There are 2 protein chains.
Amino acid sequence: MLKARSRRGGGRPTIADVARLAGVGAITVSRALREPGRVSEELRRQIEAAVEELGYVPDPNARALASARAEVFGVLVPSLTNNVFAEVVRGIYDSLSDGPFRIQLGNTHYSGLEEERLLQLFGSQRPAALIVAGIDQTPASRNLLQNAGCPVVQVMEIGPDPVDMMVGFSHLDGGRRATEHLIEAGYRRIGFIGARMDPRSQRRLAGYRAAMQKACLFDPRLVTTTPVPSSVTLGRELFRDALAKMPTLDGVFCNNDDIALGVLFECHRASISVPTTIGIVGFNDLDMMEVAFPSITSIRTPRYEIGRRAVAMALAAIAGNRPQERVADLGFELKRRESTAR
Amino acid sequence: MLKARSRRGGGRPTIADVARLAGVGAITVSRALREPGRVSEELRRQIEAAVEELGYVPDPNARALASARAEVFGVLVPSLTNNVFAEVVRGIYDSLSDGPFRIQLGNTHYSGLEEERLLQLFGSQRPAALIVAGIDQTPASRNLLQNAGCPVVQVMEIGPDPVDMMVGFSHLDGGRRATEHLIEAGYRRIGFIGARMDPRSQRRLAGYRAAMQKACLFDPRLVTTTPVPSSVTLGRELFRDALAKMPTLDGVFCNNDDIALGVLFECHRASISVPTTIGIVGFNDLDMMEVAFPSITSIRTPRYEIGRRAVAMALAAIAGNRPQERVADLGFELKRRESTAR
DNA sequence: GCGTCCGTTGGTAGCGCTACCATCTTCATC
DNA sequence: GATGAAGATGGTAGCGCTACCAACGGACGC
């Protein structure tokens, strides 16, 4: 009976309270909030005043339930501490912070199974869009993405067969470019050092290999990799291994900048001169690469921009105008620095 | 009429479909999923089979609406790219990935106003718990937290007046300890270099100041700070400024490890010997500190553990047994390394 | 003057789930 | 064998919101 008292939900104002105070129907309040243009100037003002007075905030759960569509972007990345993905996520947050959309972030820990589990979970929320890192989803994941009933953007990489849309760059070309640069700079016994070896690292390695083979310099003993997660410490250790295996090494292309930094520190420690004795190239071009001594050559990747662009594409698709080009290649840039200037 | 066909929501199975297939009432399915112990072995098996067959996933929105409580942890951090908060967030994700809880992550960009806005937004979702970084909320934010109707954990710092619970350590003590270490090591003209200067950095500075004053070494010209966000590049620049202002500098306590790394690189570049001419201490003890050459003394902070502990405390509170001690001090540890070993 | 269209507003009926209470069994107790 | 307690199950009535359709009034064309 006493309807107004019997609320389960702690008595925060509902749309009906606003409607009563403004002297209009609930549905008009709903419209005023979502499509202000379709409500007369006068009522809109009254409603806004009532919203203000009551401190009304719409319940996103009720909204999602009634409209069969949550104002949520699902975002799936393999790591939260890897600066590269943190930058992508930052780009996404920055692009979405103005609008009505919330973000549901999932950490796959580089696991396909975990990705499937999260996709299943996210799908149950009927998100407005999904942004997933990488292009190597399992068949089950691809299927979930295809049937998600919302725009999907695969980010970080590009490939021939987008589920829906893609934003990224070619890691293979990046690896190739880095290696070519070392070759052009006169290095010959160029090693590849890589940790984690996720699909993107694999493709960078493939690029390295292609460049080395083309120059008739490839030797499998030049490649040192491990599935262990990347770190500066690990960079140093892998470099030691590489050097032990191949003492004539005169250059290294590193999987990423953490590894490159570890290599640089180990060179200092072992009094190996950079770039004279060893040339170093990193990947991603984190802030510290430029400041390091000597500064480290790296492939600059547009992480933040990828996040922004992914959101822009998804938003366009939601608005009904999917971009003509479903795959956006944002490229990369070789930053030449002291570590390869011999 | 044709109820089964008229679904708005794209025809994914509902709890009623599962109930029909299993030959039980909908509420029993609901119970079997949430409190399996309260449903008989036999029905539970039938229900599980039906769930499996239909690929049923409960709709979290409907759940939240009906129970007036969403299975969501709201998490508010000032930055996503700062490795320190990324680690805290990782701890939170790792602790929560097994259970039913989702995570709603908000980025305050170090802004009190943005924090209020997000708290308002998160509150409207009736989260199961809120985890917020820092202890310097605006009065409005504190108020929102107090009235959130769920456990609240303030993380990263500890202080005398928790909204509900706290997990962290004393940044003031950390700053003091770092500075005392430099003094003990024989350094005298010890500078403080800090970027961003958020409240935690301010307290580290206060700790530095206390130690310096106690040793009668304090001089305001030794302090170099900027509100600009921290970076390795900035560390180098601030160090140059500090040195220009005070050429007799023989040690620096850095706000954080990025700054410390920038200082180290600038020392290399300017051929200033570390630790002989200049001693360096960082803060947080990122992975790279140990590998750097020379390795850098730093204050190790338990970021990941803070995330895990915050979740544990929140979960306990949700289960009805709030911990006796509302404030958990996880401490810190001084890691002595080559950069202060003179 | 009448019908038609459009813009504005409101009522009704759910969205998928769970809180609450009612019902029905079973089993121990006296 | 009656009584009650405890456990298992189900029905009903919403949670707060929006999709859908109806109603209304005024502008417009013929």
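Labels below follow one simple rule: chain letters A, B, ... track the order of the sequence lines, proteins then strands, and each chain is numbered from 1. Quantities reported herein were computed from a predicted structural model and do not represent experimental measurements.
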> Can you find a side chain N or O atom of A/Ser67 that sits less than 4.0 Å from OP1 or OP2 on D/dC17?
Replying inline: no
> Do A/Glu116 and A/Gln137 pass the side-chain hydrogen bond (donor to acceptor under 3.5 Å, both in side chains) test, and can you show the C-alpha distance, the side-chain angles, and the key distance before you say yes or no?
Replying inline: CA-CA 9 Å; A/Glu116 278 175 32; A/Gln137 284 76 28; over 6 Å; no
> When all nucleic acid strands are considered with a 4.0 Å heavy-atom cut-off, which category describes B/Arg34: base, sugar-phosphate, or nothing?
Replying inline: sugar-phosphate
>> In this structure, how many angstroms lie between the P atom of D/dG11 and the CD1 atom of B/Ile27, rounded?
In response: 11 Å
>> Rounded to whole Å, how long is the line connecting atom CD of B/Gln125 with atom C1' of D/dC17?
In response: 15 Å
> With respect to the phosphate group of C/dG7, does any side-chain polar atom (N or O) of A/Ser40 fall under 4.0 Å of OP1 or OP2?
Replying inline: no
> D/dC15 P sits how many Å from A/Arg63 CZ, rounded?
Replying inline: 18 Å
> Rounding to a whole Å, what distance do you find between B/Asn61:CG and C/dG16:C1'?
Replying inline: 10 Å
>> Heavy atoms from C-beta onward define the side chain here; which of C/dG16, D/dT9, D/dG16 lies closest to that of B/Ala62?
In response: C/dG16
> Quick one: which of D/dC17, D/dT9, C/dG10 gets closest to the side chain of A/Val24?
Replying inline: C/dG10
> Expressed in angstrom and rounded to an integer, what is the separation of A/Asp59 atom CG from C/dC17 atom P?
Replying inline: 16 Å
>> Does B/Arg31 contact D/dG10 through a side-chain donor or acceptor facing the base, at a distance under 3.5 Å?
In response: yes
>> Regarding A/Arg12 and A/Asp59, does a basic nitrogen lie under 4.0 Å from an acidic carboxylate oxygen?
In response: no
>> From CZ of A/Arg20 over to C1' of C/dG10, roughly how many Å is that when rounded to an integer?
In response: 15 Å
>> For B/Glu325, I'd like to know if atom CD has over 12 heavy atoms of other residues, nucleotides or ligands within 6.0 Å.
In response: no
>> Side chains of B/Arg102 and A/Gln125, heavy atoms from C-beta outward: is any pair under 4.5 Å?
In response: yes
>> Tell me whether the side-chain N/O atoms of B/Thr28 come closer than 4.0 Å to OP1 or OP2 in D/dT9.
In response: no
>> Between B/Glu41 and B/Arg44, does any NZ, NE, NH1 or NH2 come within less than 4.0 Å of an OD or OE carboxylate oxygen?
In response: yes
> Within this structure, what is the CG-to-P distance between B/Leu33 and D/dT9, rounded to whole angstrom?
Replying inline: 15 Å
>> Taking the minimum atom-to-atom distance to the side chain of B/Ala66, which one of C/dT9, C/dG16, D/dT18 wins?
In response: C/dG16
>> Tell me the interatomic distance from B/Arg126, atom CZ, to D/dC15, atom P, rounded to whole angstroms.
In response: 11 Å
>> Heavy-atom nearest nucleotide on DNA chain D for B/Ala26 versus A/Pro58: which residue maps closer to 5'?
In response: B/Ala26
